[in-house]
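Protein chains get the first letters and strands the later ones, always in sequence-line order, with residue 1 at the start of each.
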Number of protein chains: 2
Amino acid sequence: MSKSELVVTPVQECAGSPVVRPPISAETAGSLAGMFKALSDPVRLRVLSAVAARADHEACVCDLSEGIDVTQPTISHHLKVLREAGVLSSERRASWVYYRVEPAVLRQISAFLDVVTPQEGR
Amino acid sequence: MSKSELVVTPVQECAGSPVVRPPISAETAGSLAGMFKALSDPVRLRVLSAVAARADHEACVCDLSEGIDVTQPTISHHLKVLREAGVLSSERRASWVYYRVEPAVLRQISAFLDVVTPQEGR
């Protein structure tokens, strides 16, 4: 076949949609990924939910393993991860340590989800 | 020291708050943890954000690596994880595959976050 017989099929242009809002930066993505990772374990979510289930989103550590069938050191490990991620804060009062849900990090995740989730009636 | 001299210090009762809303079940926690895990990678979040940045929350695969400095197979891997988690759906039209953000899973995460996040003015 000579060159003149070559049939070139042009690649069809895609019908992609235009960019209508800015995507997140690499830096924001890294920060958000760490927050999502802190919440990517079932026991961690149950511990967080157990704190949030109580009045003022605060629980005594002595109440936290209630109904969660894991050892106390496992609960302690997950509390530490949640505290380091900024999802929980802790305070010692008299003989006990109390954990409280901190809203800032959770609100950052919610704000990201709001932007990427298509709204009803799209 | 005789037994009669033993001073027993009683453990102080904690001042824990009462349960005011039900915590999540083990089953729900497992399901939510999988969703959080799908979003716990920075490149995956950028890919999701790149789809969501376009009109109708839909993007052609050819546009997705724009500005994200990873190889095409890496993008493909992350698209697969997001699709398997139900966060994205895909459709082939003519020569191209288009990805779209699916709201259901993202709304489940948002609903969980709404419940565990303390509201303003607590």
- Query: Side chains of B:Tyr98 and A:Ser17: closer than 4.5 Å at any heavy-atom pair?
  - Reply: no

- Query: Any side-chain heavy atom of A:Leu113 within less than 4.5 Å of one from B:Leu39?
  - Reply: yes

Heavy-atom distance under 4.5 Å to chain A: side chain of [X], backbone, both or neither?
X: B:Val87; value: neither
X: B:Cys14; value: both
X: B:Ala26; value: both

Quick check: closest heavy atoms across [X] and [Y], and the distance to 0.1 Å?
X: B:Ala29; Y: A:Pro42; result: CB-O, 3.5 Å
X: B:Val20; Y: A:Ala55; result: CG2-N, 3.6 Å
X: B:Arg107; Y: A:Gln119; result: NH2-C, 3.9 Å
X: A:Ser49; Y: B:Val116; result: CA-CG1, 4.2 Å
X: A:Asp41; Y: B:Ala33; result: C-CB, 3.7 Å

- Do B:Ile24 and B:Val19 sit in the same hydrophobic cluster, where Ile, Leu, Val, Met, Phe, Trp and Tyr count as joined when their side-chain heavy atoms come under 4.5 Å apart? no

- Give a yes or no on whether B:Val105 and B:Val81 share a hydrophobic cluster (residues Ile, Leu, Val, Met, Phe, Trp, Tyr; joining criterion: side-chain heavy atoms under 4.5 Å apart). no

- Under 4.5 Å, counting heavy-atom pairs only, tell me which of B:Ala59, B:Ser31, B:Ala53 racks up the most with chain A. B:Ala53

- Task: Sort out for me which of B:Pro22, B:Pro23, B:Gly16, B:Cys60 touches chain A most, counting heavy-atom pairs under 4.5 Å.
- Result: B:Pro23

From [atom1] ([X]) to [atom2] ([Y]), nearest 0.5 Å:
X: A:Lys37; Y: B:Lys37; atom1: NZ; atom2: NZ; answer: 6.0 Å
X: A:Leu48; Y: B:Phe112; atom1: CG; atom2: CZ; answer: 4.5 Å
X: A:Ser40; Y: B:Met35; atom1: OG; atom2: CE; answer: 13.5 Å

- Should the heavy atoms of other residues, nucleotides or ligands under 6.0 Å from CD of A:Glu27 be counted, would the total exceed 12? no

- For chain B, the option from A:Arg93, A:Glu58, A:Arg44 that forms the most heavy-atom pairs under 4.5 Å: A:Glu58

- Name the member of A:Pro18, A:Ala50, A:Gly30 that forms the most heavy-atom pairs with chain B at distances under 4.5 Å. A:Pro18

- Message: Taking side chain as everything from C-beta outward and backbone as N, CA, C, O, which of these in A:Val115 sits under 4.5 Å from a heavy atom of chain B? Side chain, backbone, both or neither.
- Response: backbone

